[in-house]
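Here is the structure we will look at, set down as structure tokens.
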Amino acid sequence: MAHVVTPLDQPSNYKDSQARVDRQKQQELLDKSSTLYVGNLSFYTTEEQIYDVFAKCASPEDGGGVKRIIMGLDRHTRTPCGFCFVEFYTHTEALASMRYISGTKLDERIIRCDLDLGYREGRQFGRGKSGGQVRDEHRQDYDPGRGGWGAQAQKLEIDRRREVEERYADTQVGGHVAQGGGDWKEQNGGVVQPTLKRERSPEDEGDNDTRQRARVEDLDTGRM
């Protein structure tokens, strides 16, 4: 039955893509490693919260414990970007954390733990183009715990807003507002001449009476 259930303290396929050692050497280092890579963290999870969780798997009576925690940071803003490294004093403590903590919830997120080759300076920074993790570059869903939309989706939204602002920029003060009759106004010096109406005269009233009587006579003739 031992081969039926996969042990929970076995490392996953996670590997440091920038490690300059071959596969066999990596496996040898992992078999002795006391460092964990912890992923899928909320951007708002604190170092104190992480310590409280992983300290439960520490064995201070055997000379162990949490040695240090290195928070993963955005390369540009130096703010947490969803991962960290947890260093223990012993390999046994790291395996215990994988067995009991990986797959559990922290800040309402299911976190994952993997054995790591060991922390080196510079690995605390995200490797994505935007400064954070690569996984957040291509994420299309909205995740409030990881900054909302993914980096590419945010860029598309920024470009869309910029396009809309440029499209309507000409309606601002000093811009060009759509108007009619531009050619006619240029030909007339840009000045619209007012139309003057001639006032009525007594002769106009007499002419109106004459035209009215003639119209009545025509109607009477048509009836006959």
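Being a predicted model, the structure only gives us computed values, none of them experimental. The analysis underlying the following values was restricted to heavy atoms, covering all of them including side chains, and did not include hydrogens, waters or symmetry mates.
When all heavy atoms of V38 and C113 are compared, the closest pair comes out as CG2-SG, 4.3 Å. Of all non-hydrogen atoms in S130 and D74, the two that sit nearest each other are O-OD2, 3.9 Å. G103 and I110 get closest at one heavy-atom pair: O-CG2, 3.6 Å. Residues M98 and S102 share a closest heavy-atom pair of O-CB, 3.3 Å.
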List the steps and the verdict of side-chain contact (heavy atoms from CB on, under 4.5 Å) for Q140 and Y142. CA-CA 7 Å; Q140 297 296 322; Y142 184 84; over 6 Å; no
Determine, step by step, whether L106 and I50 satisfy the side-chain contact (heavy atoms from CB on, under 4.5 Å) criterion, reporting the C-alpha distance in whole Å, the side-chain angles of both residues, the deciding distance to 0.1 Å, and the verdict. CA-CA 8 Å; L106 176 58; I50 296 171; 4.3 Å; yes
Got a list of side-chain donor-acceptor pairs under 3.5 Å for residues 88-95, not counting sequence neighbours?
unit_1 : atom_1 : unit_2 : atom_2 : d
T90    : OG1    : E93    : N      : 3.2
T90    : OG1    : E93    : OE1    : 2.9
H91    : ND1    : S33    : O      : 2.5
H91    : NE2    : D31    : O      : 3.1
E93    : OE1    : G65    : N      : 3.3
E93    : OE1    : Y89    : N      : 3.4
E93    : OE1    : T90    : N      : 3.1
E93    : OE2    : S59    : N      : 2.7
E93    : OE2    : G65    : N      : 2.6

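In this structure, a donor-acceptor pair under 3.5 Å is present between the side chains of N40 and R109.
Under the 4.5 Å side-chain heavy-atom criterion for ILVMFWY residues, a single connected hydrophobic cluster contains both M71 and Y51. Hydrophobic clustering keeps L41 apart from Y44 (ILVMFWY residues linked when any side-chain heavy atoms are closer than 4.5 Å, directly or through intermediates).
In this structure, R112 forms no cation-pi arrangement with Y37, as its terminal cationic atom is not both closer than 6.0 Å to the ring centre and no more than 45° off the ring axis.
Of the possible donor and acceptor atoms, none in the side chain of R123 sits under 3.5 Å from a partner among the backbone N and O of G72.
The side-chain contact (heavy atoms from CB on, under 4.5 Å) test with F43 singles out one residue from T79, D107, D136, and that residue is D136.
Between Y100 and K56, every side-chain heavy-atom pair lies at or beyond the 4.5 Å cut-off. D116 places none of its side-chain heavy atoms less than 4.5 Å from the side chain of L36.
In this structure, CZ on F85 lies 13.0 Å from CD1 on I69, to the nearest 0.5 angstrom. With rounding to the nearest 0.5 Å, the separation of CD in E28 from NZ in K32 is 7.0 Å. Taking CD of Q133 as the start and CZ of R146 as the end, the distance is 5.0 Å to the nearest 0.5 Å. Between K105 atom NZ and S42 atom OG the span is 13.0 Å, to the nearest 0.5 Å. With rounding to the nearest 0.5 Å, the separation of CG in D114 from OG1 in T35 is 12.5 Å. Put simply, CD1 on I70 and CZ on F83 are 10.0 Å apart, with the number rounded to the nearest 0.5 Å.
When the shell of 6.0 Å around CD of Q24 is examined, it contains 12 or fewer heavy atoms from other residues, nucleotides or ligands.
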